[in-house]
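Worksheet for the structure shown next.
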2 protein chains.
Amino acid sequence: MRGNLFAVAVDLVILTVRDGELSTLLVRRGVPPFAGEPGLPGGFVLPHEDLLDAAVRELVEETGLTITGHHLEQLASFAAPGRDPRGRVLSVGHLALVPDLPEPQAGSDAVVSAWHPVAAVEGLAFDHDRILAEGVERARAKLEYTTLAATFCPPAFTVSQLRRVYEAVWGTELDPRNFQRKVTSTPDFLIPTAETVGTGRGRPAQLFRRGAATSLYPPMLRGD
Amino acid sequence: MRGNLFAVAVDLVILTVRDGELSTLLVRRGVPPFAGEPGLPGGFVLPHEDLLDAAVRELVEETGLTITGHHLEQLASFAAPGRDPRGRVLSVGHLALVPDLPEPQAGSDAVVSAWHPVAAVEGLAFDHDRILAEGVERARAKLEYTTLAATFCPPAFTVSQLRRVYEAVWGTELDPRNFQRKVTSTPDFLIPTAETVGTGRGRPAQLFRRGAATSLYPPMLRGD
DNA sequence: CCAAAAGTGTTTATAATACACCCATGC
DNA sequence: GCATGGGTGTATTATAAACACTTTTGG
């Protein structure tokens, strides 16, 4: 074939909304290079494994999440010469959107992982700052025209919870009343359940599940 | 490092609009595997080369195009086991949008290349049907919210030419009068030149150049 | 003059925004 | 009762869509 061979890794930008902030799961690396420094979870693709399968495997190893119902997509590949001191490594970045989860367990490689607000993250190993930035940008863009925001919510959720996702990801405030009408009038976005839930004060809110809709026309946010 | 190494290639979905049809540049492969069969232009990444540089190099080799002013972006990576009979090969698909060009020269590898309407393409080598499909899907999606349609046009073009790009890529008809107002009222989309050009019958049209705008809010096409 | 394409003005329908107001709960 | 968040109705404003109409060329 050719002599210029690459090791191929997958790295994961795993996003969630915690305490009103868009957050990502980072690991503290246990082995060189960059041992002890924070980075994205990831690892090498196995000999007979496809890329998405490798990403699913890493996601499970790092978070204990089975992928069912969660969103996982390929982001982009990064292969600049010198991005890994060990040699030629191509990394295929992936983007996962998950509901707010309990603080993760220590991974199988005994690496420590934890959630960090993306606004405060910098100085990651390799070119992971850039991969994270592309993941965040993609997530923001997709919220505008898709129903993906619901993947940040638990299986059953209220309109307010969904609104807080948009507000956290975009750093904006949305009118609760107009937001309500917008999402409930989008066909197949939200499936009402019979239950309601009372969260402290105020009228109890109706619970919804994700509908089958994937695209959102017209967009959730106009102009700039 | 690890024993599971990959060869890494770049493949190009090069799109243009010719005779009112969205078309792509295909090569007839000169060497095995799939010798004699059609496929996307592409080749292996060199030892000290980044992905985009490899894609630019292949674009020049296949079309003689220098990239200046043209659009080239990474699409996605494909690495399913068995996608290449020679062994483990990861291909990073790229998407290029170019103006209507003269029929390309024979490439340096003596491969024959030619434009084909995407609607009629199937049976490409490797998984290139799928890469092409993703490229076309991406191009269609991006036209909705960006000013990228202008990259299909020559340096100076009329509003009609631009409209025919949208009509070809989407297979729709657009009202010439509303389209005119839409694009001319989007700030920094079109820069008017002093010249006009008469194309056969009818009033001569004003010529424009691409402006600096990249995004288009609200979108060019609503609903479905 | 006529046909054809470029370009403008105006009307109508639809959707976003703003916000007044009612509902249902905890205290 | 009163505060709080859930949810509905309605007026205002902006935008898209439809289309009548004028402009400028070639024949």
Side-chain angles (χ1 to χ4, degrees), chain A residues 20 143-145 147 149-150 153-154 156-168 170 172-187 189-209 213 215-224, chain B residues 20 143-145 147 149 153 156-168 170 172-187 189-209 213 215-224:
Chain A
L143 285 216
E144 292 211 47
Y145 301 112
T147 62
C153 295
F157 56 91
T158 68
V159 172
S160 293
Q161 283 179 278
L162 184 63
R163 177 168 45 82
R164 275 183 266 277
V165 167
Y166 282 92
E167 291 176 336
W170 286 336
T172 60
E173 289 215 349
L174 298 171
D175 185 308
R177 299 159 295 185
N178 290 335
F179 182 85
Q180 175 103 15
R181 222 191 335 257
K182 174 92 189 177
V183 296
T184 55
S185 69
T186 299
F189 188 1
L190 300 181
I191 299 170
T193 69
E195 302 141 278
T196 59
V197 64
T199 77
R201 284 179 284 291
R203 172 174 171 178
Q206 172 130 33
L207 281 173
F208 295 87
R209 298 182 179 282
S215 63
L216 209 59
Y217 285 94
M220 184 63 66
L221 201 67
R222 305 292 292 272
D224 283 9
Chain B
L143 284 214
E144 292 212 46
Y145 301 111
T147 61
C153 295
F157 55 92
T158 68
V159 172
S160 292
Q161 283 179 279
L162 184 63
R163 176 169 44 83
R164 275 184 265 278
V165 167
Y166 282 91
E167 291 176 336
W170 286 336
T172 60
E173 288 216 351
L174 298 171
D175 186 308
R177 297 157 297 183
N178 290 334
F179 182 86
Q180 175 104 13
R181 223 190 337 254
K182 173 93 188 177
V183 296
T184 55
S185 70
T186 299
F189 187 3
L190 300 181
I191 299 170
T193 68
E195 304 141 277
T196 58
V197 63
T199 77
R201 281 179 287 290
R203 173 174 169 176
Q206 173 130 34
L207 280 174
F208 295 88
R209 298 183 178 281
S215 64
L216 210 58
Y217 286 93
M220 184 63 66
L221 202 65
R222 304 293 290 274
D224 284 10

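Chain identifiers are assigned alphabetically (A, B, ...) following the order of the sequence lines, protein sequences preceding nucleic acid strands; residue numbering begins at 1 within each chain. Computed from a predicted structure; not experimentally measured.
Look at CG on B:L174: it is 13 Å from C1' on D:dA16, rounded to the nearest Å. B:M220 places its CE atom 10 Å from the P atom of D:dA16, with the value rounded to the nearest Å. The interatomic distance linking A:L221 (CG) with C:dA15 (P) rounds to 18 Å, in whole Å. Atom-to-atom, CG of A:D175 to C1' of D:dG6 comes out at 13 Å; the value is rounded to the nearest Å.
Note that CZ of B:R164 is 11.5 Å distant from CG of B:L174, once rounded to the nearest 0.5 Å. From A:Q206, atom CD reaches atom OG1 of A:T196 across 7.5 Å, with rounding to the nearest 0.5 Å. The SG atom of A:C153 sits 11.5 Å away from atom CZ of A:R163, with the distance rounded to the nearest 0.5 Å. Expressed to the nearest 0.5 Å, how far CZ of A:F189 lies from CZ of A:F208 amounts to 10.5 Å.
Ring planes of B:Y217 and A:Y145: parallel class, angle under 30° (limits at 30 and 60°).
Every side chain to side chain donor-acceptor pair (under 3.5 Å) that A:R181 has, sequence neighbours left out, goes to A:N178.
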Scoring nucleotides 1-8 of chain C by protein non-hydrogen atoms under 4.0 Å (B base, S sugar-phosphate only, - none) yields ---BBBBB
